[in-house]
Amino acid sequence: MFDIKWIRDNPAAFDKAMESRGSSQRAAALLDIDDRRRTIIVRLNEAQEKRNALSKQIGQAKAQKDEAKAQALMSEVATLKDFIPAGEADERAVEKELRDALAAIPNMALDDVPFGEDESDNVEYFGPNGTPETAAPRRPPRPAFGFAPKEHFEIGVAEKDMDFEIAAKLSGSRFVVLKGQLARLERALGQFMLDLHTQEHGYLEVRPPVLVRDDALFGTGQLPKFEDDLFFTPHGEGRLALIPTAEVPLTNLVRETILTEEALPLRFTALTSCFRSEAGSAGRDTRGMLRQHQFDKVELVSITTPEESINEHERMLACAETVLQRLGLHYRVMTLCTGDMGFGARKTYDIEVWLPGQDTYREISSVSVCGDFQARRMEARYRPAGEKQPPRYVHTLNGSGTAVGRCLIAVLENYQQEDGSVLVPEALQPYMGGLGVIGGR
RNA sequence: GGAGAGAUGGCCGAGUGGUCGAAGGCGCACGCCUGGAAAGUGUGUAGGCGGGGAACCGUCUCGAGGGUUCGAAUCCCUCUCUCUCCGCCA
């Protein structure tokens with residue numbers, strides 16, 4: 001969420017940022033609300049000041065048993081009796097108007113984010129000061145096949161243990177039932193990723209709720225604008241949402257707090273199921289388990305100072321890349337252009353894994369730095385170390401590390417054998433009881 | 001689901017109609033003490049909004065929202081959450 005004071009001071013920059021993100025928001029309309037708001041506040045404050053001063057005098061008069069004087073003062077205050085409640089109501093209304101307007105505005109892209117309209121304008125990224133040559137050694141090569149590689153759901157093991165028909169009977173479309181070694185392989189992937197991030201990357205493992213309140217969703221920016229993407233369940237008088245990503249509970253872990261600077265950075269990771277209604281995706285990726293209503297994901301969230309968030313973004317990307325490197329999966333990294341970024345992001349890297357069966361790259365991780373955008377919505381601040389300074393908003397980052405279901409697809413497609421079996425990447429074998437291949441005879 | 005207790009500053013904890021944004025403690029910051037440190041000691045230390053170049057001033061905030069009152073942390077109503085006991089339950 002934007003700071004109205006910043007918009008007041010930088011209206012041209014704000015308009016430019018909105019235009020580059022394809023938003024029709026402009027500073028003038030917001031500042032008009034702000035002007036009305038400030039006028040109301042000034043008038044209200046003056047009236048309150050007068051009331052408070054007179055009330056204090058009434059207290060003194062009563063203490064001195066001067067009833068006549070007290071009565072005179074009380075009748076004077078009575079003239080404010082209508083104005084103050086009305087002014088308070090006006091203030092509440094205009095504050096809400098401003099907050100509602102600000103809450104619907106997407107974050108501003110960082111200066112080095114490429115300008116563009118959609119995913120065709122995204123730009124490949126090779127690391128800080130990187131080139132294709134410097135990035136290549138870290139990235140596993142594409143596998144070579146002596147046969148035509150199949151899509152994941154056509155591979156022998158999947159035809160046996162990846163059951164969309166029974167899932168449809170249970171739950172409808174966009175659900176899957178995994179069985180046997182495929183079920184175990186997905187579990188192994190989640191365990192492997194969690195162990196990697198907790199043991200080597202310094203993340204704290206968290207088991208959060210997967211049902212959350214509207215407030216938490218507002219904090220990370222899913223509400224109020226993206227209600228249609230969520231599943232809700234009734235609860236008491238209200239409702240709870242199933243999380244679309246563990247970003248929601250992990251980031252909200254610091255909501256409404258003032259941290260000490262020494263506590264930063266905070267790094268959280270969680271393996272959870274995620275739930276998305278995919279309302280706008282009818283007809284897209286309907287075959288296979290690429291786009292499901294329910295999927296598992298290992299999420300990474302960092303809470304940092306403003307000074308450190310850019311560095312943390314690169315670090316988090318590297319943490320996510322390590323997953324694919326250890327699994328021997330070929331991938332590329334894209335910097336999302338201004339038009340393709342999510343609502344709360346200032347800059348986003350997508351990691352796209354190579355899927356030989358589809359003969360294309362598909363997103364398997366998205367790593368975003370949000371600046372103080374979410375922190376403002378959550379009221380998450382920290383107190384700078386040293387000399388007395390006011391609290392500042394923290395910066396928040398989130399990234400997938402990685403999507404487990406899509407990673408399963410990638411393993412199947414990249415390690416498939418002509419006979420329908422699939423080799424188990426070395427890094428996963430300890431999690432598979434030493435098994436080197438699944439689906440073989 | 002039933003009964004009861006509670007929610008106060010970064011943290012703990014006093015405070016039942018006026019001078020209370022709020023005692024005391026912890027923590028933190030600065031100073032003194034010290035060869036240096038610890039201990040001790042002194043001072044300071046909430047946040048939001050508005051006005052102002054600034055110093056500063058005003059206002060709001062004691063879980064949230066309404067209400068009573070000239071005046072509310074304190075009284076009333078509604079809600080949320082936490083704790084204890086009972087019931088149910090993986």
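Residue numbers begin at 1 in each chain, while the letters A, B, ... track the order of the sequences.
- Residue A/Lys5 places at least one side-chain N or O under 4.0 Å from the OP1 or OP2 atom of B/C49.
- Neither OP1 nor OP2 of B/G27 sits under 4.0 Å from any side-chain N or O of A/Arg383.
- Pairing partner, B/G87: none, since no Watson-Crick or wobble contact has both distances short of 3.5 Å.
- Between B/G66 and A/Arg92, a contact under 4.0 Å exists linking OP1 or OP2 to a side-chain N or O.
- In this structure, A/Arg213 places its CZ atom 17 Å from P of B/G63, rounding to the nearest Å.
- B/U69 and B/C77 are spaced 16 Å apart, taking the C1' atom of each and rounding to whole Å.
- A salt bridge between A/Glu278 and A/Arg291 is present, with a side-chain N of the basic residue lying under 4.0 Å from a carboxylate O of the acidic one.
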Original post:
Do A/Glu205 and A/Arg207 pass the salt bridge (charged side-chain N to carboxylate O under 4.0 Å, His left out) test, and can you show the C-alpha distance, the side-chain angles, and the key distance before you say yes or no?
Top reply: CA-CA 7 Å; A/Glu205 183 170 353; A/Arg207 293 285 294 163; 6.0 Å; no
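- With a cut-off of 3.5 Å on both pairing distances, B/U34 has no Watson-Crick or G-U wobble partner at all.
- With a 3.5 Å ceiling on both atom-pair distances, the Watson-Crick or G-U wobble partner of B/U43 is B/A29.
- Residue A/Arg38 has no polar side-chain atom (N or O) positioned under 4.0 Å from OP1 or OP2 of B/C49.
- B/A46 and B/G6: their C1' atoms are spaced 23 Å apart (whole Å).
- Across the protein-nucleic acid pair, A/Arg51 atom CZ and B/C70 atom C1' stand 9 Å apart, rounded to whole Å.
- On the C1' atoms, B/A29 is 41 Å away from B/U84, given to the nearest whole Å.
- Here the separation of B/G48 from B/G9, taken at their P atoms, is 15 Å to the nearest Å.
- B/A23: no Watson-Crick or G-U partner with both key distances under 3.5 Å is found in any strand.
- Across the protein-nucleic acid pair, A/Gln48 atom CD and B/U59 atom P stand 8 Å apart, rounded to whole Å.
- When the C1' atom is used for both B/U68 and B/C49, the distance is 27 Å, rounded to whole Å.
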Original post:
Passes side chain to side chain donor-acceptor pair (under 3.5 Å), A/Ser273 versus A/Asp296? Steps please.
Top reply: CA-CA 4 Å; A/Ser273 293; A/Asp296 278 11; 2.9 Å; yes
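- Remark on RNA chain B: of its neighbouring residues A/Glu91 and A/His235, the 5'-side contact belongs to A/Glu91, judged by nearest-heavy-atom nucleotide.
- A/Leu54 has its CG atom 12 Å from the P atom of B/U59, to the nearest Å.
- Distance CD (A/Glu256) to P (B/A7): 19 Å, rounded to an integer number of Å.
- Nucleotide B/G53 has no partner under the Watson-Crick or G-U criteria, as no pair reaches both atom distances under 3.5 Å.
- Comparing A/Val42 and A/Ile258, the nucleotide of RNA chain B nearest to each residue sits closer to the 5' end for A/Ile258.
- Within a 6.0 Å sphere centred on CD of A/Glu165, heavy atoms belonging to other residues, nucleotides or ligands number 12 at most.
- Distance A/Arg43 CZ to B/G51 P: 14 Å, rounded to the nearest Å.
- At whole-Å resolution of the value, CZ in A/Arg37 and P in B/C49 are 8 Å apart.
- When heavy atoms are screened at a 4.0 angstrom cut-off, A/Arg392 is found touching no nucleic acid atom at all.
- Comparing the C1' positions of B/C12 and B/G87 gives an interatomic distance of 35 Å, to the nearest angstrom.
- Here the P atom of nucleotide B/G58 and the CD1 atom of A/Ile41 are 17 Å apart, to the nearest Å.
- Looking at heavy-atom distances under 4.0 Å, A/Lys50 makes no contact with the nucleic acid at all.
- With a 4.5 Å cut-off on side-chain heavy atoms, A/Glu312 and A/His395 do not count as touching.
- In this structure B/G65 sits in a base pair with B/C77, meeting the Watson-Crick or G-U test at under 3.5 Å.
- Comparing the P positions of B/A64 and B/A73 gives a spacing of 12 Å, expressed to the nearest Å.
- Ring geometry for A/Trp6 versus A/Phe2: interplanar angle of 30 to 60°, hence tilted.
- Straight-line distance between the C1' atoms of B/C32 and B/A38: roughly 15 Å, to the nearest whole Å.
- At the phosphate of B/C60, OP1 or OP2 sits under 4.0 Å from a side-chain N or O atom of A/Asn52.
- Annotation: A/Tyr125 is in aromatic contact with A/Tyr349 [ring centroid separation under 6.0 Å].
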